Amino acid sequence: MPMKIKAAVFHGPNQPLTIETLELDDPGPGEVLVKIKATGLCHTDLHIIEGHQPQPVPAVLGHESAGVVVAVGPDVSDLREGDHVVPFLLPECGVCPNCQSGKTNICLKIGERTGTDFSRLSRNGQRIHTFVGMGTFADHMVIAADRVAKVSEHASFEGACYASCGGATGIGSVRRHDVDREALVAVFGLGGVGLNVVQGAALAGAQVIIGVDTNDAKEAVARKLGLTHFINPDKVESVAAEIMAITVMGATHSFECIGAPAVMREAIAATNAFYGRCTIIGVAPSGSELTTPVQQLSMGKTVGGLLMGGVKARSGLPSLVSEYAEGRVNFDDLISHRLKLDEINEGFAMMKQGLSTRTVILFD
Ligand code: APR
Ligand code: ZN
Ligand code: ZN
(Lines give C-alpha, C1' and ligand atoms only; values in the text may rest on other atoms or scores of the structure.)
(Ligands and ions follow the chains in the order given, each with its own letter.)
Protein backbone atom coordinates (compact mmCIF):
# COMPACT_ATOMS: atom_id res chain seq x y z
CA MET A 1 0.00 0.00 0.00
CA PRO A 2 1.55 3.33 -1.01
CA MET A 3 1.80 5.76 1.89
CA LYS A 4 1.30 9.52 1.97
CA ILE A 5 4.38 11.54 2.79
CA LYS A 6 5.30 15.21 3.14
CA ALA A 7 8.14 16.50 0.96
CA ALA A 8 9.71 19.70 -0.32
CA VAL A 9 9.38 19.59 -4.12
CA PHE A 10 11.70 21.29 -6.63
CA HIS A 11 9.89 22.53 -9.76
CA GLY A 12 12.67 24.36 -11.55
CA PRO A 13 15.68 26.63 -11.15
CA ASN A 14 15.34 29.57 -8.79
CA GLN A 15 11.82 28.69 -7.71
CA PRO A 16 11.10 28.09 -4.03
CA LEU A 17 10.66 24.46 -2.99
CA THR A 18 7.00 23.74 -2.24
CA ILE A 19 5.77 21.53 0.58
CA GLU A 20 3.49 18.86 -0.89
CA THR A 21 1.86 15.57 -0.04
CA LEU A 22 3.19 12.75 -2.25
CA GLU A 23 2.66 9.02 -2.52
CA LEU A 24 5.51 6.67 -1.70
CA ASP A 25 5.48 3.04 -2.89
CA ASP A 26 6.35 0.17 -0.60
CA PRO A 27 9.99 -0.93 -0.71
CA GLY A 28 10.64 -3.46 -3.49
CA PRO A 29 13.23 -6.25 -3.50
CA GLY A 30 16.55 -5.00 -2.09
CA GLU A 31 15.01 -1.73 -0.86
CA VAL A 32 14.18 -0.23 2.52
CA LEU A 33 11.71 2.36 3.76
CA VAL A 34 13.39 4.91 6.03
CA LYS A 35 11.64 7.39 8.30
CA ILE A 36 13.89 10.41 8.02
CA LYS A 37 14.65 12.15 11.32
CA ALA A 38 17.17 14.73 10.11
CA THR A 39 18.34 16.04 6.75
CA GLY A 40 21.10 18.56 6.07
CA LEU A 41 21.19 21.36 3.52
CA CYS A 42 24.32 20.93 1.40
CA HIS A 43 25.65 23.33 -1.20
CA THR A 44 25.19 20.62 -3.85
CA ASP A 45 21.43 21.03 -3.36
CA LEU A 46 21.80 24.78 -3.79
CA HIS A 47 23.81 24.24 -7.01
CA ILE A 48 20.78 22.36 -8.38
CA ILE A 49 18.25 24.91 -7.08
CA GLU A 50 20.27 27.62 -8.83
CA GLY A 51 20.22 25.64 -12.08
CA HIS A 52 23.93 24.78 -12.22
CA GLN A 53 23.35 21.03 -12.47
CA PRO A 54 20.81 19.30 -14.71
CA GLN A 55 17.88 17.87 -12.76
CA PRO A 56 14.57 16.56 -14.18
CA VAL A 57 11.53 18.00 -12.39
CA PRO A 58 9.41 17.78 -10.38
CA ALA A 59 11.89 16.28 -7.96
CA VAL A 60 12.64 15.78 -4.31
CA LEU A 61 16.23 16.86 -3.62
CA GLY A 62 18.39 16.23 -0.57
CA HIS A 63 21.07 13.61 0.04
CA GLU A 64 22.34 14.11 3.62
CA SER A 65 20.14 12.33 6.15
CA ALA A 66 19.71 9.96 9.06
CA GLY A 67 16.67 8.05 10.20
CA VAL A 68 15.11 4.78 11.25
CA VAL A 69 14.18 1.77 9.12
CA VAL A 70 10.42 1.24 9.23
CA ALA A 71 10.07 -1.54 6.64
CA VAL A 72 12.30 -3.70 4.49
CA GLY A 73 11.55 -5.18 1.08
CA PRO A 74 12.10 -8.80 0.05
CA ASP A 75 15.74 -9.96 -0.10
CA VAL A 76 16.98 -7.53 2.54
CA SER A 77 18.64 -9.53 5.30
CA ASP A 78 21.08 -7.16 7.00
CA LEU A 79 18.72 -4.34 7.97
CA ARG A 80 15.59 -4.52 10.07
CA GLU A 81 12.83 -2.36 11.45
CA GLY A 82 14.11 -0.02 14.16
CA ASP A 83 17.71 0.16 12.94
CA HIS A 84 19.24 3.64 13.05
CA VAL A 85 20.59 4.26 9.59
CA VAL A 86 22.40 6.72 7.38
CA PRO A 87 21.63 6.59 3.65
CA PHE A 88 24.67 7.35 1.48
CA LEU A 89 25.19 8.82 -1.97
CA LEU A 90 27.08 5.74 -3.19
CA PRO A 91 26.19 2.07 -2.97
CA GLU A 92 28.53 -0.55 -1.53
CA CYS A 93 27.56 -3.95 -2.87
CA GLY A 94 30.62 -5.52 -1.24
CA VAL A 95 31.23 -8.03 -4.03
CA CYS A 96 32.15 -6.07 -7.19
CA PRO A 97 35.87 -5.65 -8.09
CA ASN A 98 35.90 -2.02 -6.88
CA CYS A 99 34.32 -2.86 -3.54
CA GLN A 100 36.75 -5.75 -3.10
CA SER A 101 39.88 -3.85 -4.10
CA GLY A 102 39.57 -1.15 -1.45
CA LYS A 103 41.18 1.35 -3.82
CA THR A 104 38.01 3.31 -4.41
CA ASN A 105 34.58 3.86 -2.95
CA ILE A 106 32.98 3.88 -6.40
CA CYS A 107 31.05 0.61 -6.37
CA LEU A 108 30.28 -0.68 -9.85
CA LYS A 109 26.60 -0.72 -8.90
CA ILE A 110 26.75 3.08 -9.02
CA GLY A 111 24.43 3.11 -12.03
CA GLU A 112 21.74 0.99 -10.41
CA ARG A 113 18.96 2.68 -8.48
CA THR A 114 21.09 5.80 -8.09
CA GLY A 115 19.73 7.94 -10.93
CA THR A 116 17.08 10.62 -10.99
CA ASP A 117 14.76 8.07 -12.58
CA PHE A 118 14.94 5.81 -9.54
CA SER A 119 11.99 7.00 -7.57
CA ARG A 120 9.22 5.34 -5.65
CA LEU A 121 7.44 8.71 -5.43
CA SER A 122 4.40 9.96 -7.32
CA ARG A 123 1.61 12.52 -7.12
CA ASN A 124 -1.77 11.86 -8.75
CA GLY A 125 -0.17 9.18 -10.90
CA GLN A 126 2.69 11.45 -12.06
CA ARG A 127 6.19 10.14 -11.28
CA ILE A 128 8.25 12.50 -9.12
CA HIS A 129 12.00 12.39 -9.70
CA THR A 130 14.71 12.33 -7.04
CA PHE A 131 18.25 13.59 -6.64
CA VAL A 132 20.40 10.50 -7.38
CA GLY A 133 17.75 8.05 -6.24
CA MET A 134 17.45 9.65 -2.81
CA GLY A 135 15.23 12.60 -1.96
CA THR A 136 15.78 13.28 1.72
CA PHE A 137 13.78 16.53 1.88
CA ALA A 138 10.85 14.33 2.87
CA ASP A 139 9.68 12.59 6.02
CA HIS A 140 10.11 9.14 4.43
CA MET A 141 12.21 7.68 1.63
CA VAL A 142 12.56 4.33 -0.15
CA ILE A 143 16.18 3.59 -1.08
CA ALA A 144 18.33 0.66 -2.21
CA ALA A 145 19.57 -1.20 0.87
CA ASP A 146 23.17 -1.33 -0.41
CA ARG A 147 23.34 2.45 0.11
CA VAL A 148 22.21 2.33 3.72
CA ALA A 149 24.63 2.14 6.66
CA LYS A 150 23.49 0.86 10.02
CA VAL A 151 24.94 3.23 12.61
CA SER A 152 25.26 3.66 16.38
CA GLU A 153 22.08 4.42 18.28
CA HIS A 154 24.14 6.66 20.56
CA ALA A 155 24.63 9.26 17.83
CA SER A 156 22.11 12.08 17.51
CA PHE A 157 20.25 11.99 14.21
CA GLU A 158 21.48 15.47 13.28
CA GLY A 159 25.12 14.48 13.80
CA ALA A 160 24.74 11.14 12.01
CA CYS A 161 23.07 13.00 9.15
CA TYR A 162 25.90 15.49 8.84
CA ALA A 163 28.42 12.63 8.83
CA SER A 164 26.89 11.25 5.65
CA CYS A 165 27.97 14.07 3.33
CA GLY A 166 29.72 17.08 4.88
CA GLY A 167 31.51 14.97 7.48
CA ALA A 168 32.47 12.03 5.26
CA THR A 169 33.55 14.25 2.38
CA GLY A 170 35.70 16.54 4.49
CA ILE A 171 37.25 14.13 6.98
CA GLY A 172 37.41 11.28 4.45
CA SER A 173 39.38 13.39 1.96
CA VAL A 174 42.01 14.16 4.56
CA ARG A 175 42.34 10.54 5.59
CA ARG A 176 42.47 9.25 2.02
CA HIS A 177 45.45 11.49 1.29
CA ASP A 178 47.58 10.66 4.30
CA VAL A 179 47.71 14.04 5.97
CA ASP A 180 50.24 13.66 8.79
CA ARG A 181 52.05 15.75 11.41
CA GLU A 182 54.33 17.29 8.79
CA ALA A 183 51.45 18.35 6.57
CA LEU A 184 50.94 21.98 5.58
CA VAL A 185 47.27 22.08 4.66
CA ALA A 186 45.33 24.75 2.76
CA VAL A 187 41.53 24.63 2.68
CA PHE A 188 39.66 26.78 0.17
CA GLY A 189 36.10 27.39 1.36
CA LEU A 190 35.22 27.02 5.04
CA GLY A 191 31.64 25.82 4.58
CA GLY A 192 29.94 22.64 5.71
CA VAL A 193 32.51 20.55 3.82
CA GLY A 194 35.66 22.67 4.21
CA LEU A 195 35.28 22.92 7.98
CA ASN A 196 35.44 19.14 8.12
CA VAL A 197 38.66 19.17 6.11
CA VAL A 198 40.00 21.52 8.80
CA GLN A 199 38.76 19.19 11.53
CA GLY A 200 40.19 16.12 9.79
CA ALA A 201 43.58 17.81 9.33
CA ALA A 202 43.65 18.85 12.99
CA LEU A 203 42.81 15.30 14.09
CA ALA A 204 45.71 14.07 11.93
CA GLY A 205 48.04 16.51 13.72
CA ALA A 206 48.85 18.71 10.69
CA GLN A 207 51.27 21.46 11.74
CA VAL A 208 49.73 24.22 9.62
CA ILE A 209 46.08 24.52 8.54
CA ILE A 210 45.31 27.57 6.43
CA GLY A 211 41.70 28.49 5.65
CA VAL A 212 40.70 30.67 2.70
CA ASP A 213 37.22 32.19 2.68
CA THR A 214 35.63 35.42 1.49
CA ASN A 215 33.42 35.39 4.57
CA ASP A 216 35.28 36.54 7.71
CA ALA A 217 32.53 35.08 9.87
CA LYS A 218 33.83 31.56 9.10
CA GLU A 219 37.16 32.15 10.84
CA ALA A 220 36.01 31.72 14.45
CA VAL A 221 34.44 28.27 14.11
CA ALA A 222 37.32 27.14 11.88
CA ARG A 223 39.84 28.18 14.56
CA LYS A 224 37.85 26.23 17.13
CA LEU A 225 38.36 23.15 14.94
CA GLY A 226 42.10 23.69 14.57
CA LEU A 227 42.68 26.33 11.90
CA THR A 228 46.05 28.06 12.33
CA HIS A 229 45.86 30.80 9.66
CA PHE A 230 42.97 32.58 7.93
CA ILE A 231 43.11 34.40 4.58
CA ASN A 232 40.29 36.47 3.12
CA PRO A 233 41.02 36.59 -0.64
CA ASP A 234 39.33 39.99 -0.92
CA LYS A 235 41.88 41.48 1.46
CA VAL A 236 45.15 40.22 -0.10
CA GLU A 237 46.73 40.65 -3.51
CA SER A 238 47.47 36.97 -4.12
CA VAL A 239 46.20 34.06 -2.04
CA ALA A 240 48.84 31.72 -3.51
CA ALA A 241 51.60 34.16 -2.53
CA GLU A 242 50.24 34.39 1.03
CA ILE A 243 50.20 30.59 1.27
CA MET A 244 53.75 30.40 -0.11
CA ALA A 245 54.84 32.93 2.53
CA ILE A 246 53.46 30.72 5.32
CA THR A 247 54.54 27.33 3.95
CA VAL A 248 57.74 28.30 2.07
CA MET A 249 57.24 25.68 -0.66
CA GLY A 250 53.47 25.59 -0.84
CA ALA A 251 50.80 23.48 0.79
CA THR A 252 51.58 19.78 0.89
CA HIS A 253 47.83 19.15 0.74
CA SER A 254 45.29 21.63 -0.60
CA PHE A 255 41.56 21.10 -0.83
CA GLU A 256 39.12 23.11 -2.94
CA CYS A 257 35.75 23.00 -1.19
CA ILE A 258 33.81 25.63 -3.15
CA GLY A 259 33.29 24.41 -6.71
CA ALA A 260 34.75 27.48 -8.50
CA PRO A 261 37.27 26.81 -11.32
CA ALA A 262 39.07 30.11 -10.60
CA VAL A 263 39.62 29.03 -7.00
CA MET A 264 40.74 25.56 -8.13
CA ARG A 265 43.42 27.25 -10.24
CA GLU A 266 44.54 29.24 -7.20
CA ALA A 267 44.57 26.10 -5.04
CA ILE A 268 46.76 24.29 -7.57
CA ALA A 269 49.17 27.25 -7.68
CA ALA A 270 49.41 27.26 -3.88
CA THR A 271 50.36 23.55 -3.74
CA ASN A 272 53.93 22.30 -3.25
CA ALA A 273 55.43 21.85 -6.73
CA PHE A 274 57.32 18.63 -5.96
CA TYR A 275 55.11 16.43 -3.84
CA GLY A 276 51.99 18.43 -3.07
CA ARG A 277 48.52 17.20 -3.81
CA CYS A 278 45.56 19.39 -4.67
CA THR A 279 42.21 17.69 -4.15
CA ILE A 280 39.16 19.10 -5.88
CA ILE A 281 36.13 18.44 -3.70
CA GLY A 282 33.83 21.29 -4.79
CA VAL A 283 31.34 20.54 -7.54
CA ALA A 284 31.75 23.01 -10.41
CA PRO A 285 28.78 24.03 -12.60
CA SER A 286 28.26 21.32 -15.22
CA GLY A 287 30.23 21.95 -18.40
CA SER A 288 32.77 24.25 -16.76
CA GLU A 289 36.47 23.69 -17.45
CA LEU A 290 39.66 24.23 -15.52
CA THR A 291 42.80 25.81 -16.95
CA THR A 292 46.13 25.82 -15.17
CA PRO A 293 49.74 26.36 -16.32
CA VAL A 294 50.91 22.86 -17.30
CA GLN A 295 54.48 23.64 -16.23
CA GLN A 296 53.24 23.79 -12.65
CA LEU A 297 52.61 20.06 -12.82
CA SER A 298 55.90 18.88 -14.27
CA MET A 299 57.82 18.59 -11.01
CA GLY A 300 55.55 16.07 -9.32
CA LYS A 301 52.52 17.97 -8.03
CA THR A 302 49.27 16.03 -8.42
CA VAL A 303 45.74 17.26 -8.87
CA GLY A 304 42.66 15.08 -8.61
CA GLY A 305 39.10 14.78 -7.53
CA LEU A 306 37.52 12.62 -4.87
CA LEU A 307 33.88 11.74 -4.36
CA MET A 308 32.50 11.56 -0.83
CA GLY A 309 35.97 11.55 0.68
CA GLY A 310 36.63 8.05 -0.60
CA VAL A 311 34.33 6.79 2.18
CA LYS A 312 32.33 3.62 1.62
CA ALA A 313 28.70 3.42 2.64
CA ARG A 314 28.45 0.36 4.76
CA SER A 315 32.04 -0.35 5.78
CA GLY A 316 33.15 3.28 6.24
CA LEU A 317 30.32 5.45 7.49
CA PRO A 318 29.41 3.56 10.70
CA SER A 319 32.86 4.15 12.22
CA LEU A 320 32.70 7.89 11.46
CA VAL A 321 29.29 8.10 13.12
CA SER A 322 30.69 6.22 16.12
CA GLU A 323 33.62 8.64 16.35
CA TYR A 324 31.03 11.42 16.56
CA ALA A 325 28.93 9.55 19.13
CA GLU A 326 32.04 9.06 21.27
CA GLY A 327 32.95 12.74 21.08
CA ARG A 328 36.11 12.27 19.02
CA VAL A 329 34.68 14.13 16.02
CA ASN A 330 32.80 17.40 16.48
CA PHE A 331 29.78 17.99 14.31
CA ASP A 332 27.71 19.77 16.96
CA ASP A 333 29.62 23.06 16.69
CA LEU A 334 29.16 23.02 12.91
CA ILE A 335 25.39 22.75 12.96
CA SER A 336 24.36 26.39 13.17
CA HIS A 337 20.63 26.16 12.48
CA ARG A 338 17.85 23.63 13.06
CA LEU A 339 14.67 24.17 11.05
CA LYS A 340 11.41 22.44 10.17
CA LEU A 341 10.75 21.21 6.63
CA ASP A 342 8.36 24.12 6.04
CA GLU A 343 11.29 26.51 6.62
CA ILE A 344 13.61 24.90 4.07
CA ASN A 345 13.67 27.90 1.70
CA GLU A 346 14.83 30.14 4.56
CA GLY A 347 17.64 27.63 5.15
CA PHE A 348 18.86 27.94 1.56
CA ALA A 349 18.54 31.73 1.73
CA MET A 350 20.87 31.73 4.76
CA MET A 351 23.33 29.48 2.93
CA LYS A 352 23.38 31.90 -0.02
CA GLN A 353 24.02 34.83 2.28
CA GLY A 354 26.74 33.00 4.22
CA LEU A 355 24.79 33.20 7.48
CA SER A 356 24.94 29.49 8.33
CA THR A 357 27.58 26.78 8.59
CA ARG A 358 25.32 23.74 8.37
CA THR A 359 21.53 23.86 8.59
CA VAL A 360 19.70 20.68 9.50
CA ILE A 361 15.99 20.05 9.03
CA LEU A 362 14.54 18.03 11.89
CA PHE A 363 11.41 15.86 11.63
CA ASP A 364 9.25 14.72 14.56
N1 APR B 1 36.76 32.32 -2.34
C2 APR B 1 36.80 31.86 -1.06
N3 APR B 1 35.73 31.37 -0.41
C4 APR B 1 34.56 31.28 -1.09
C5 APR B 1 34.44 31.73 -2.42
C6 APR B 1 35.61 32.28 -3.04
N7 APR B 1 35.59 32.69 -4.31
N8 APR B 1 33.16 31.51 -2.81
C9 APR B 1 32.52 30.95 -1.79
N10 APR B 1 33.36 30.82 -0.72
C11 APR B 1 33.07 30.21 0.58
C12 APR B 1 31.76 30.65 1.22
O13 APR B 1 31.91 31.87 1.92
C14 APR B 1 31.45 29.48 2.13
O15 APR B 1 32.00 29.63 3.43
O16 APR B 1 32.92 28.82 0.40
C17 APR B 1 32.10 28.28 1.44
C18 APR B 1 31.11 27.28 0.85
O19 APR B 1 30.43 26.70 1.90
P20 APR B 1 28.94 26.10 1.85
O21 APR B 1 28.04 27.04 1.13
O22 APR B 1 28.60 25.66 3.23
O23 APR B 1 29.12 24.81 0.87
P24 APR B 1 29.43 23.27 1.24
O25 APR B 1 28.16 22.58 1.60
O26 APR B 1 30.59 23.22 2.17
O27 APR B 1 29.87 22.72 -0.18
C28 APR B 1 31.07 23.16 -0.79
O29 APR B 1 31.53 21.07 -1.90
O30 APR B 1 30.31 19.13 -2.07
C31 APR B 1 30.64 20.33 -2.68
O32 APR B 1 28.72 20.85 -4.03
C33 APR B 1 29.44 21.22 -2.89
O34 APR B 1 30.59 22.64 -4.40
C35 APR B 1 30.11 22.54 -3.06
C36 APR B 1 31.28 22.46 -2.12
ZN1 ZN C 1 26.36 17.06 -0.02
ZN1 ZN D 1 30.36 -2.84 -5.35
Side-chain angles (χ1 to χ4, degrees), residues 39-50 52-53 61-65 88-102 104-112 114 131-132 134 136 144 146-147 161-170 173 186-198 211-219 221-222 230-236 239 255-267 279-286 288 305-309 312-315 334 336-337 347-348 350-359:
T39 180
L41 308 191
C42 173
H43 209 115
T44 303
D45 304 303
L46 185 57
H47 287 323
I48 295 166
I49 292 170
E50 293 182 329
H52 299 147
Q53 307 285 342
L61 307 179
H63 57 276
E64 188 178 274
S65 70
F88 196 54
L89 215 88
L90 301 169
E92 183 185 359
C93 75
V95 295
C96 78
N98 278 7
C99 280
Q100 298 229 310
S101 84
T104 172
N105 61 343
I106 311 295
C107 168
L108 293 176
K109 290 238 165 112
I110 188 165
E112 288 177 30
T114 55
F131 174 64
V132 298
M134 298 186 104
T136 63
D146 61 8
R147 303 172 70 184
C161 154
Y162 190 29
S164 75
C165 178
T169 304
S173 297
V187 187
F188 292 75
L190 299 174
V193 174
L195 287 169
N196 277 298
V197 174
V198 171
V212 180
D213 203 298
T214 42
N215 183 350
D216 287 331
K218 302 292 174 114
E219 181 178 355
V221 60
F230 177 77
I231 300 171
N232 182 331
D234 295 338
K235 296 185 181 168
V236 298
V239 172
F255 299 88
E256 201 276 358
C257 311
I258 298 165
V263 180
M264 294 171 188
R265 184 184 159 98
E266 194 78 12
T279 304
I280 309 286
I281 297 176
V283 178
S286 61
S288 53
L306 188 63
L307 193 57
M308 308 309 289
K312 293 187 176 203
R314 297 191 294 168
S315 60
L334 303 190
S336 56
H337 297 81
F348 282 113
M350 286 192 290
M351 182 187 286
K352 263 192 199 180
Q353 295 165 49
L355 300 175
S356 50
T357 46
R358 198 50 139 211
T359 295

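Just so it is clear, the structure is predicted and the values come from calculations on it, not from any experiment. In listed order, ligands and their atoms are each counted from 1. Worth knowing before you read on, the calculation uses all heavy atoms, side chains too, and leaves out hydrogens, waters and symmetry mates.
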Which residue and heavy atom of the protein sit nearest [atom], plus the separation:
| atom | value |
| --- | --- |
| atom 25 (O) of ligand 1 | Arg358 NH1, 2.9 Å |
| atom 14 (C) of ligand 1 | Asp213 OD2, 3.5 Å |
| atom 19 (O) of ligand 1 | Gly191 CA, 3.1 Å |
| atom 26 (O) of ligand 1 | Val193 N, 2.8 Å |
| atom 7 (N) of ligand 1 | Val263 CG2, 3.6 Å |
| atom 33 (C) of ligand 1 | Thr44 OG1, 3.4 Å |
| atom 36 (C) of ligand 1 | Cys257 O, 3.6 Å |

Between CG on residue Leu61 and OG1 on residue Thr44, distance to nearest 0.5 Å: 11.0 Å
To the nearest 0.5 angstrom, please state how far the CG atom of Leu89 sits from the CE atom of Met308. 4.5 Å
What's the shortest heavy-atom distance between [X] and [Y], and which atoms?
| X | Y | value |
| --- | --- | --- |
| Ile258 | Gly189 | CG1-CA, 3.5 Å |
| Thr169 | Val193 | CG2-CG1, 3.9 Å |
| Gln53 | Val283 | NE2-CG1, 3.2 Å |
| Lys312 | Gly102 | NZ-CA, 3.8 Å |
| Ser173 | Ile281 | OG-CD1, 3.4 Å |

For Glu64, enumerate each residue passing the salt bridge (charged side-chain N to carboxylate O under 4.0 Å, His left out) test, keeping only those at least two apart in sequence or located in another chain. Arg358
Donor-acceptor under 3.5 Å ([X] side chain, [Y] main chain):
| X | Y | result |
| --- | --- | --- |
| Asn98 | Ile106 | yes |
| Glu266 | Val239 | yes |
| Thr357 | Leu334 | yes |
| Asn196 | Ala168 | no |
| Asp213 | Lys218 | no |

Any idea which atoms of ligand 1 are less than 4.0 Å away from a heavy-atom of [X]?
| X | value |
| --- | --- |
| Asn215 | 13 (O) |
| Lys218 | 14 (C), 15 (O) |
| Gly282 | 29 (O), 31 (C), 34 (O), 36 (C) |
| Gly189 | 16 (O) |

Does [X], backbone or side chain, put an N or O under 3.5 Å from an N or O of ligand 1?
| X | value |
| --- | --- |
| His47 | yes |
| Ile281 | no |
| Gly192 | yes |

Heavy-atom contacts under 4.0 Å between Ile258 and ligand 1: side chain, backbone, both, or neither? both
Is it the side chain, the backbone, both or neither of Thr169 that has a heavy atom closer than 4.0 Å to ligand 1? neither
Hey, which of Glu92, Lys109, Met134 is the one that makes side-chain contact (heavy atoms from CB on, under 4.5 Å) with Arg147? Met134
Taking the minimum heavy-atom distance to atom 24 (P) of ligand 1, which of His43, His63, Met308 ranks first? His43
Just to be sure I'm reading this right: ignoring hydrogens, which of Thr214, Leu46, Asn196 gets closest to atom 10 (N) of ligand 1? Compare them by their nearest heavy atoms. Thr214
Vertex the Zn ion (ligand 2), ends Cys165/SG and Cys42/SG: angle to nearest 10° comes to 130°
Protein N/O/S atoms closer than 2.8 Å to the Zn ion (ligand 3), ordered by chain and number, come to Cys93 SG, Cys96 SG, Cys99 SG, Cys107 SG
So, Thr136 and Thr39: side-chain donor and acceptor under 3.5 Å apart, yes or no? yes
